[in-house]
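Note sheet for the following structure.
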Amino acid sequence: MKEAQHLKNTLKNTISSLVQECRNMRELKQIHTHILTCPNLSNNDQHFLITRLLYFCAISDWGSLTYAANVFRLINNPNTSVYNIMIRAYATKINGVDNTNSSCRSLILYKQMLCDGIAPDFLTFPFLVKECTMRLEGDTGRSIHAHAIKFGFDNDVFVGNSLISLYSVCGYLSCARKMFDEMSNGDVISWNSMIIGYLRRGELGKALELFRRMKKRNVITWNSIIVGFIQGGRPKEALEFFHEMQMVRDEMVRPDKITIASVLSACAYLGAIDHGKWVHGYLRRSGLECDVVIGTALVDMYGKCGCVEKAYEVFKDMPKRDTLAWTAMISVFALHGFCKEAFDLFEEMETLGAKPNHVTFVGLLSACAHSGLVEKGRWCFDMMRRAYSIEPQVYHYACMVDALARAGLFGEAEELIRGMPMEPDVFVWGALLGGCQMHRNVELGERVAQHLIDLEPLNYAFYVNFCDVYAKANRFDDVKRIRALMKEKGIKKEVPGCSMIEVDGVVHEFSVRGSPDVLMEEVVCILNGFSNMMKIEGFMLDHDRRIY
DNA sequence: CTAGGGTTAG
């Protein structure tokens, strides 16, 4: 008798391991059949094995949510765990049975669960909350929160953390903060989620305040702060945090691939080539794998820092290149006016079978615009649709208008804008206005500038452009009129424009108002020297001595 | 079971 029980247990355990080691659906279906037809399994064992099979089928990458749904349907009395598996599967797999937005399957299942009289447990709520988070359903999330309170799981740290994340993703920051403050058992994840919530909304100060108050930070805390500052337009501080991060002696805060990729993008924004090179060296020393993401970030960093050759060197050494990598290199060529190189690379990309995307064509079109190759631009604009079925987006039109307007082809540019299937944005009009200024087309420039101001009445730059149009036509009464209008509307520059450059590893900021650590007289002197050299070389200079 | 990443036009 005991012997038989032992054998049955062995059978159950063997099948269980088979399910666990299964790596494809064909095998899993065979095992499923076996479980259903095996005469030596008790009902309990069968139920256990089906649950296990359901788990792998629903959760793992090789599984099938469709099949899992069928398995689930045939389970007689699903218990909490069975429901949890399905709710989790629906909440984590966006492209499940139905990738239409027809319904929130996991929420429907939850309702069904309650109707069946099955109580949810501490695992049910994080899944449900995640579903709401992904769908940006803040209000549904609130009802789930209410249910969590009703069933007594609102004090669970996992439930609390998912709720903080839900509220901060959906923009309910005060709800997130309330949850955060009320949690007695908050952990590093609670703090990170709250910080990320503030960063997402651009409240860097509040994020920083929490960051400073944290006792224990991990690599995600640091990465979030670094990325938050980059995206908040403060890449210099991002680099400072990276520096501070390296002072921390803790296994939990060793920079990882995400840190490296983010810091490289900060260097790219700043033109901080020395920092960038140092990070490149750090990457090699660290033993971190230089994957396609980091490779792309390196290409972009070197490119934006002006080292086209170095960017190309990194690019050529990449063992694998995806669309993004090709696009980054093409854009680097475009940025520096290497139109031929950009198109040669595009050809190579095609031959090697990588698929260009809409951004690739932004690169190619801007290469044409920057090089004054209108005809090539027209051809490219046409090709992207015909040969690649990529419908031109508003930013493709902006590139094309840029190319046409620089060439002074205003009629064609306006015609293109009129024919746009979408509403032209400020970049499209801005490109047209740029051309008007270049070619002193006051009549059109006036109209376009007025239109831009109508679109964004508070944008300081458009008023300045408007003044420029008149100034170049010596219509100073009109300049005065616009200036008065600005004063009347209270249009002021929010933050003085500034640019940054790294010299010998130090990032200097400077603006027209000057800079504490840059000698402006020297800068102006050198710039004038360049202007003169370019004049001699035959570059065009306009009346304001601006070079274009 | 809960938290984080790279490319583009102006």
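Letters go in sequence order (proteins before strands), and every chain restarts at 1. Nothing here was measured: the structure is a model prediction, and the numbers come from that model.
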Open item on the list: For A:Y83 together with A:F72, are the ring centres under 6.0 Å from each other?
Closed with: yes
Open item on the list: So if I apply the side chain to side chain donor-acceptor pair (under 3.5 Å) rule between A:Y302 and each of A:K277, A:H280, A:K310, which one comes out positive?
Closed with: A:H280
Task: A:L364 side chain reached by A:M384 side chain, heavy atoms, under 4.5 Å - done: no
Task: Residue of the set A:R213, A:R212, A:K206 for which salt bridge (Lys or Arg N to Asp or Glu O under 4.0 Å) holds with A:E209 - done: A:R213
Task: Flag for A:N192-A:T221: side-chain donor and acceptor within less than 3.5 Å - done: yes
TODO: Flag this pair as yes if the NZ/CZ of A:R234 is under 6.0 angstrom from the six-membered ring centre of A:F229 and inside a 45 degree cone about the axis; otherwise no.
DONE: no
Open item on the list: So that I know where these two stand, are A:W326 and A:F315 an aromatic pair - ring centroids less than 6.0 Å apart?
Closed with: yes
Open item on the list: Counting the atoms with a prime plus P, OP1 and OP2 as sugar-phosphate, which does A:F122 contact under 4.0 Å by heavy atoms, base, sugar-phosphate, or nothing?
Closed with: base
Open item on the list: Counting only heavy atoms and a strict 4.0 angstrom limit, can you tell me which residues of residues 187-220 of chain A come near DNA chain B?
Closed with: A:I189, A:N192, A:S193, A:I196, A:R200, A:N218, A:I220
Open item on the list: Checking A:D187 against A:K216 for the salt bridge (charged side-chain N to carboxylate O under 4.0 Å, His left out) test, could you report, in this order, the C-alpha distance in whole Å, the side-chain angles of both residues, the deciding distance, and whether it holds?
Closed with: CA-CA 9 Å; A:D187 59 7; A:K216 201 114 183 106; over 6 Å; no
Open item on the list: Within the 4.0 Å heavy-atom criterion, would you say A:S165 contacts the bases, only the backbone, or no part of the nucleic acid?
Closed with: sugar-phosphate
Task: Leading and trailing nucleotides of DNA chain B with any atom under 4.0 Å from heavy atoms of chain A - done: B:dC1 to B:dG10
- [ ] Please work out if A:D300 contacts a base, only the sugar-phosphate, or nothing of the nucleic acid, heavy-atom cut-off 4.0 Å.
- [x] sugar-phosphate
TODO: Identify whether any heavy atom of A:N465 sits under 4.0 Å from a base atom; if not, whether one sits that close to sugar-phosphate; answer base, sugar-phosphate or nothing.
DONE: nothing
TODO: Pick base, sugar-phosphate or nothing for A:D256, based on heavy-atom distances below 4.0 Å to the nucleic acid.
DONE: base
- [ ] Remember a base hit wins even if backbone is also touched, and classify A:F127 as base, sugar-phosphate or nothing at under 4.0 Å, heavy atoms.
- [x] sugar-phosphate
